[in-house]
There are 2 protein chains.
Amino acid sequence: MKELTQRQEQILELIKSNLELKGFPPTRADIAKTFGFKSPNAAEQHLRALEKKGVISILSGASRGIVLNESHSLKNIKNNEIPIIGLVAAGQPMLALEHVEKKLNIPETMFRDNADYLLRVKGDSMIDLGIHEDDLIAVKKEKECKAGQVIVARVNDEVTVKTFSKNKEGKIILKAANSKYSDITLDPKNEDFFLEGVCLGVIKSF
Amino acid sequence: MKELTQRQEQILELIKSNLELKGFPPTRADIAKTFGFKSPNAAEQHLRALEKKGVISILSGASRGIVLNESHSLKNIKNNEIPIIGLVAAGQPMLALEHVEKKLNIPETMFRDNADYLLRVKGDSMIDLGIHEDDLIAVKKEKECKAGQVIVARVNDEVTVKTFSKNKEGKIILKAANSKYSDITLDPKNEDFFLEGVCLGVIKSF
DNA sequence: TGTAATACTGTAATTATATACAGTAAAATA
DNA sequence: TATTTTACTGTATATAATTACAGTATTACA
């Protein structure tokens with residue numbers, strides 16, 4: 001399913017909230033009025049776009065004949081609980097039960113991809129990217145990553161969060177986002193480097 | 001509430017099943033067809049009777065404007081969807097539907113308190129706290145706040161995110177978390193200051 | 001650089017729908 | 001027994017709503 005534009009997302013939200021509040025879908029005129037469109041056809045075309053992208057169905061000829069398709073239906077709120085991982089001691093696997101602080105139900109659409117776990121950050125090596133101590137980073141397990149991505153990796157059995165890149169000789173360079181720390185250069189053949197996952201985002205609490 | 005006749009019970013059931021199966025209420029013609037009435041007015045009058053007995057409401061002028069009253073309502077889906085608010089133009093209310101990008105189902109335990117909405121950050125005034133452009137801040141509507149808290153406020157109708165404090169004379173001081181910006185001092189009596197809410201946390205996507 | 005997709009305005013026709021009015025008839029209720 | 005309620009038929013009409021057609025302008029994309 002293609003991604004929705006911001007406007008399409010808004011239209012979809014309006015349909016949902018109309019269903020929730022009033023009990024039935026909006027008309028084209030309702031939509032146009034809400035967003036200030038001067039033509040009901042603007043709404044019509046947004047609906048067609050949503051239908052094309054598979055999020056709604058339009059029942060031809062029926063007034064208010066807008067049906068939310070399965071995944072977007074109000075009824076199914078998916079349970080997507082992922083663990084919050086605290087401090088991981090050297091040599092221990094990431095998802096060992098002992099490290100799980102609690103679980104959080106993270107909506108799939110919160111980050112660009114579905115996260116596998118949340119890792120509580122220790123240290124200040126990534127503050128220039130807005131990642132501070134005790135923040136949670138959303139991590140997706142991956143076997144590969146691209147230059148510039150924020151990753152979670154094991155280096156000699158220690159879990160670390162850094163920005164990934166490679167130099168001309170094919171060596172891995174791990175950069176901290178903090179001028180206090182200098183780069184780590186690793187030879188993937190000799191050194192003990194293991195990619196735990198890619199960082200999708202950050203959750204920060206005040 | 002008076003008791004329903006058998007026929008009225010049937011009509012009510014039809015409305016419910018129509019809502020469940022199709023997602024919206026039936027028309028008078030739909031009802032008439034289902035029961036074999038030769039006039040839509042038969043359905044109309046049953047609806048009037050149901051309204052009189054308090055089990056439904058009829059929204060005059062709206063097609064399919066049949067609303068089930070509380071006790072007969074179908075849905076009890078408790079989700080915690082909160083809207084993502086994009087750019088809010090000066091003078092406009094925060095939660096106007098037009099600003100809603102989409103909604104996210106945020107678990108109540110994600111932040112220290114339940115957020116009312118997520119606001120997409122514009123500008124770099126809070127980068128020292130790890131809040132960057134396009135991050136989402138989780139906001140709880142509050143009427144009061146404490147010194148040191150990150151708040152969302154209106155200053156002369158513009159929405160702004162700052163750290164809140166007061167000086168000895170009781171004036172409000174809004175601090176940016178960025179040395180580029182200097183403090184804003186406001187006299188709460190004269191200036192147009194309105195507290196939209198308190199920032200509970202940040203969601204950041206890479 | 002051309003093409004598709006997005007995001008609308010504007011008009012208008014057709015159909016869908018609500019709803020008023022005028023009846024008939026049986027059953028329930030005061 | 002008179003009256004209201006229930007349960008319809010039948011007709012008609014205003015308006016609610018869908019939806020086609022003809023445009024314009026901008027942005028995304030290949």
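Values below: all heavy atoms of this structure, side chains included; hydrogens, waters and symmetry mates excluded.
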Open item on the list: For A:Arg120, is there an ion pair with A:Asp135 - N to carboxylate O distance below 4.0 angstrom?
Closed with: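 Salt bridge between A:Asp135 and A:Arg120, a charged N being under 4.0 Å from a carboxylate O: no.
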Tell me, do [X] and [Y] make a side-chain contact under 4.5 Å, heavy atoms counted?
X: B:Tyr181; Y: B:Lys162; answer: no
X: A:Leu118; Y: A:Ile106; answer: yes
X: A:Asp192; Y: A:Asn156; answer: yes
X: B:Met110; Y: B:Ile203; answer: yes

TODO: Classify the side chain of A:Asn41 versus the base of D:dT19 as yes if they form a donor-acceptor pair under 3.5 Å and no if they do not.
DONE: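 Between D:dT19 and A:Asn41, which were checked side chain against base, a qualifying N/O pair under 3.5 Å is absent.
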Please tell me if [X] has a side-chain N or O lying less than 4.0 Å from either OP1 or OP2 of [N].
X: A:Ser63; N: C:dT17; result: yes
X: B:Arg28; N: C:dA18; result: yes
X: B:Arg7; N: D:dA7; result: no
X: B:Gln8; N: D:dA7; result: yes
X: B:Ser60; N: C:dT19; result: yes
X: A:Lys53; N: C:dT6; result: yes
X: B:His46; N: D:dC8; result: yes

Separation of atom [atom1] in [X] from atom [atom2] in [N], rounded to whole Å:
X: A:Leu47; N: C:dC8; atom1: CG; atom2: C1'; value: 14 Å
X: A:Arg48; N: C:dC8; atom1: CZ; atom2: P; value: 17 Å
X: A:Lys38; N: C:dA7; atom1: NZ; atom2: P; value: 18 Å
X: A:Glu9; N: C:dT6; atom1: CD; atom2: C1'; value: 15 Å
X: A:Leu50; N: C:dC8; atom1: CG; atom2: P; value: 13 Å
X: B:Glu44; N: D:dT11; atom1: CD; atom2: C1'; value: 15 Å
X: A:Glu51; N: C:dT6; atom1: CD; atom2: P; value: 14 Å
X: B:Phe35; N: D:dT9; atom1: CZ; atom2: C1'; value: 17 Å

Open item on the list: Quick check for you: among C:dA7, C:dT11, C:dT17, whose closest atom lies nearest to any side-chain atom of A:Ala62?
Closed with: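 Nucleotide nearest to A:Ala62's side chain: C:dT17.
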Open item on the list: Does atom NZ (A:Lys171) have a neighbourhood of more than 12 heavy atoms from anything else shown, all under 6.0 Å?
Closed with: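 Not buried by this count: 12 neighbours or fewer within 6.0 Å.
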Scan [X] against the nucleic acid and name what it touches under 4.0 Å (heavy atoms): base, sugar-phosphate only, or nothing.
X: B:Ala49; value: nothing
X: A:Ala29; value: nothing
X: A:Thr27; value: sugar-phosphate

Task: 5′-ward residue of the pair B:Lys52/A:Gly61 relative to DNA chain D - done: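 Counting from the 5' end, the first nearest nucleotide belongs to B:Lys52.
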Task: DNA chain C: 5'-proximal contact among A:Pro40 and A:Arg64 (nearest heavy atom) - done: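 That would be A:Pro40.
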